[in-house]
Amino acid sequence: MATQSTPPVSLPRPSKSNNPNPYPLSPTVNNDRYPIQSLINQCNSTKQLKQVHSQMLRTGLFFDPFSAGKLITASALSPFSSLDYARQSLLVFLQLLHHCEHFPDKFTFPFLINAASELKAFRVGRAFHGMVIKVSLSSDVYILNSLVHFYGSCGDLDLAYAVFVKTPQKDVVSWNSMITAFAQGGCPEEALELFRGMEKENVKPNDVTMVGVLSACTKKLDLEFGRWVCSYIERNEINVNLTLSNAMLDMYMKCGSFEDAKRLFDKMQEKDIFSWTTTLDGYAKLGEYDEARHVFDAMPSKDIAAWNALISAVEQNGKPKEAWLFFVNCSSVRMQNRMRSLLFVLYQLLLTERKDVFVRSATIAGLAMHGHGRAALDLFSKMLEARVKPNSVTFTNVLCACSHTGLVNEGQRLFYQMEPVYGVVPGEKHYACMVDILGRSGLLQEAVKLIEKMPILPTASVWGALLGACRLHGNIELAEQACSRLLELDPRNHGAYVLLSNIYAKTGKWDRVSGLRKIMRDFGLKKEPGCSSIEVNGIVHKFSFLTHFMLLM
DNA sequence: TTAGGGTTAG
């Protein structure tokens, strides 16, 4: 990973002439534009651009549309920069321009705050919030509702709730904004609680409320409550439009009532890409590939979400080869030949300039897998700098990177920061990674202590991590305990037997090795041989150990 | 002027 260099970036000093402002807004600024343009061109990191930006703000040059435009262009088009920064610059710029003539009023702020929500531009939105307070608009319900939505979309539920609570005269939109923020922010319980609170306050829910409530049911996988919500919608004669139908459809699909979902889908007069993708995803996740493919083919239009749903479901069902072939076949339908489909992949990769949490987490995983733990952690830091909120998967990957690189302290620090700093509750995978980190480095007792303190039941992967560490450090006694706990949870885990047998072999206990092998035979357990794969001319070839061996002969 | 639905990363 390249480190950011920090060459001195400075604007020409303001001249000590009679002109108090070296960068006036008048056309005479032309003479002073060129140094800034050349300085912007010399920047080779976001940090340097930010330095230029801050100096332009300090000196007032950012008020000059030409110069500001140069900075925004550089922010958007430079290979090292991010669109978010450009968008943020643009937002501030627009706001400053606005400031020059008319100050935003109570009708302007909801739009400005909305723009910040869409860009997830936290600091920009907070600045708007500050301005709202300063100009005494902080009791306007439209503005406050927008702020609840803004904080919710930035993942800051505490601030969203603080604004909601302080909204003097809440309307249905206030409640809906907060319910949605909770439902989308991983707090479905709180969303449902708020829905009950809304009823107590005699605020009549509408279709948007019910979308949020259904979304919370879906997150909780609570079919019973979901069904109750659907009957509530009927009883209260809530307008069922396409969006609400789609929310109901998704709830049925994800909560496992496939029949209800199918009935609803067939009954729906109007369907859009959300209805189709929800159904497609339902079939695909059930492993009904023919049906899924049928739905995919029948879709009037297909977007990236539909492709992702089908390809990933096939891949997740343990069929990477089929997923790849499906991708190639589907691409060639539109793109005529394989070369073009590969270009399509490259094009998609180039479009990852967006660098969302999915792309970043996947990259961290890739680096971790290939032993580049430090680079993975650097990427994680950059992700935080870019204000991309890490989630549960990100932390699994980051901890995996620490484990592969032997970064015990770093791993511990991040693990204990997960909940208090990032609001991500450690799950079984994080505990398994942490046990792995401690165990690999020989801290077996620390690992045991961590397992004992777990607030959730240790899963097979947690015991598996401990067993693996025992094998590495030759601790037979602890290995036997870990293995027996592991087999209690997963009796047919051939890996556990193999690991324990390896420990016995390593310590010369051959009688125990043969004993274990016999148990495996009696249970009909066989270790699946590992294999590699390679794609040649569109065909995926699998190589087992035997094939490798023959190729070497 | 404010609020809503589908997919992807381990």
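Order of the sequence lines fixes the chain letters, A, B, ..., with proteins taken first and strands second; residue numbering starts at 1 for each chain.
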Chemist: Sequence neighbours excluded, which residues qualify as ring pair (Phe, Tyr, Trp, His ring centres under 6.0 Å) partners of A:W276?
Modeler: A:F265
Chemist: Tell me the interatomic distance from A:W175, atom CH2, to B:dT2, atom C1', rounded to whole angstroms.
Modeler: 17 Å
Chemist: Considering only side-chain heavy atoms of A:V208, which listed nucleotide, B:dA9, B:dG4, B:dG10, is closest?
Modeler: B:dG4
Chemist: Taking DNA chain B as the partner, which of residues 255-281 of chain A come within under 4.0 angstrom of it by heavy atom?
Modeler: A:D272, A:I273, A:F274, A:T277, A:T278, A:D281
Chemist: I need the CD1-P distance between A:I143 and B:dT2, as an integer number of Å.
Modeler: 12 Å
Chemist: Under 4.0 Å, heavy atoms only, any strand: does A:K170 hit a base, just the sugar-phosphate, or nothing?
Modeler: nothing
Chemist: Applying a 4.0 Å non-hydrogen cut-off, can you work out what A:A305 is touching in the nucleic acid: base, sugar-phosphate, or nothing?
Modeler: base
Chemist: Using the six-membered base ring of B:dT1, report whether A:F107 stacks on it, requiring centroids under 5.5 Å and planes under 30° apart.
Modeler: no
Chemist: Calculate the interatomic distance between A:F150 atom CZ and B:dT2 atom P; express it in whole Å.
Modeler: 17 Å
Chemist: Quick one: does A:N206 reach the base of B:dA3 with a side-chain donor-acceptor pair under 3.5 Å?
Modeler: yes
Chemist: Among B:dG10, B:dA3, B:dG4, find the nucleotide with the atom closest to the side chain of A:Q184.
Modeler: B:dG4
Chemist: Compute both the distance and the angle, then confirm whether A:K170 meets the cation-pi test with A:F164: under 6.0 Å from the six-membered ring centre, within 45 degrees of the axis.
Modeler: yes
Chemist: Under the side chain to side chain donor-acceptor pair (under 3.5 Å) rule, collect the residues that match up with A:T209, sequence neighbours excluded.
Modeler: A:N176, A:N206
Chemist: What integer distance in Å separates A:F395:CZ from B:dG10:C1'?
Modeler: 14 Å
Chemist: Using a 6.0 Å cut-off, check whether atom CG of A:L457 has over 12 heavy atoms from anything other than its own residue.
Modeler: no
Chemist: Using a cut-off of 4.0 Å on non-hydrogen atoms, how would the nucleic acid contact of A:V148 be classed: base, sugar-phosphate, or nothing?
Modeler: nothing
Chemist: Within this structure, what is the CD-to-P distance between A:E118 and B:dT2, rounded to whole angstrom?
Modeler: 11 Å
Chemist: From the set B:dT1, B:dA9, B:dT7, return the single nucleotide nearest to any side-chain atom of A:A309.
Modeler: B:dT7
Chemist: So, OP1 or OP2 of B:dG10: does either fall under 4.0 Å of a side-chain N or O from A:H430?
Modeler: no
Chemist: Would you say that more than 12 heavy atoms from the other residues, nucleotides or ligands in this model lie under 6.0 Å from the CZ of A:F415, or not?
Modeler: yes
Chemist: In whole angstroms, how far is the P atom of B:dT8 from the CZ atom of A:F296?
Modeler: 14 Å
Chemist: Can you tell which of B:dG10, B:dT1, B:dG6 lies closest to the side chain of A:V393?
Modeler: B:dG10
Chemist: Please tell me which of the listed nucleotides, B:dT1, B:dT8, B:dG4, lies nearest to the side chain of A:N308?
Modeler: B:dT8
Chemist: Could you tell me the separation between the CD1 atom of A:I233 and the P atom of B:dG4, rounded to a whole number of Å?
Modeler: 17 Å
Chemist: Do A:F225 and A:V213 have side chains that approach each other closer than 4.5 Å (heavy atoms only, starting at C-beta)?
Modeler: yes
Chemist: Taking only N and O in the side chain of A:Q316, is any of them less than 4.0 Å away from OP1 or OP2 of B:dT8?
Modeler: no
Chemist: Tell me if the side-chain of A:N397 makes a donor-acceptor pair with the base of B:dA9, cut-off 3.5 Å, by modelled atom types.
Modeler: no
Chemist: Is any side-chain N or O of A:N114 closer than 4.0 Å to OP1 or OP2 of B:dA3?
Modeler: yes
Chemist: Verify the neighbour count for atom CG of A:D290: are there more than 12 heavy atoms of other residues, nucleotides or ligands below 6.0 Å?
Modeler: no
Chemist: To the nearest 0.5 angstrom, please state how far the CD1 atom of A:I233 sits from the CH2 atom of A:W228.
Modeler: 9.5 Å
Chemist: Figure out the CZ/P separation between A:F182 and B:dA3, and round it to whole Å.
Modeler: 18 Å
Chemist: Could you report the tightest heavy-atom contact between A:S174 and A:T167, atom names first, then the distance?
Modeler: OG-CG2, 4.3 Å
Chemist: Students often get this wrong, so: under 4.0 angstrom with heavy atoms, is A:T243 touching a base, only sugar-phosphate, or nothing?
Modeler: base
Chemist: Of the listed nucleotides (B:dG10, B:dT1, B:dG4), which one gets closest to any side-chain atom of A:F111?
Modeler: B:dT1
Chemist: Report yes if a side-chain nitrogen or oxygen of A:K285 is closer than 4.0 Å to either non-bridging phosphate oxygen (OP1 or OP2) of B:dT8; otherwise report no.
Modeler: yes
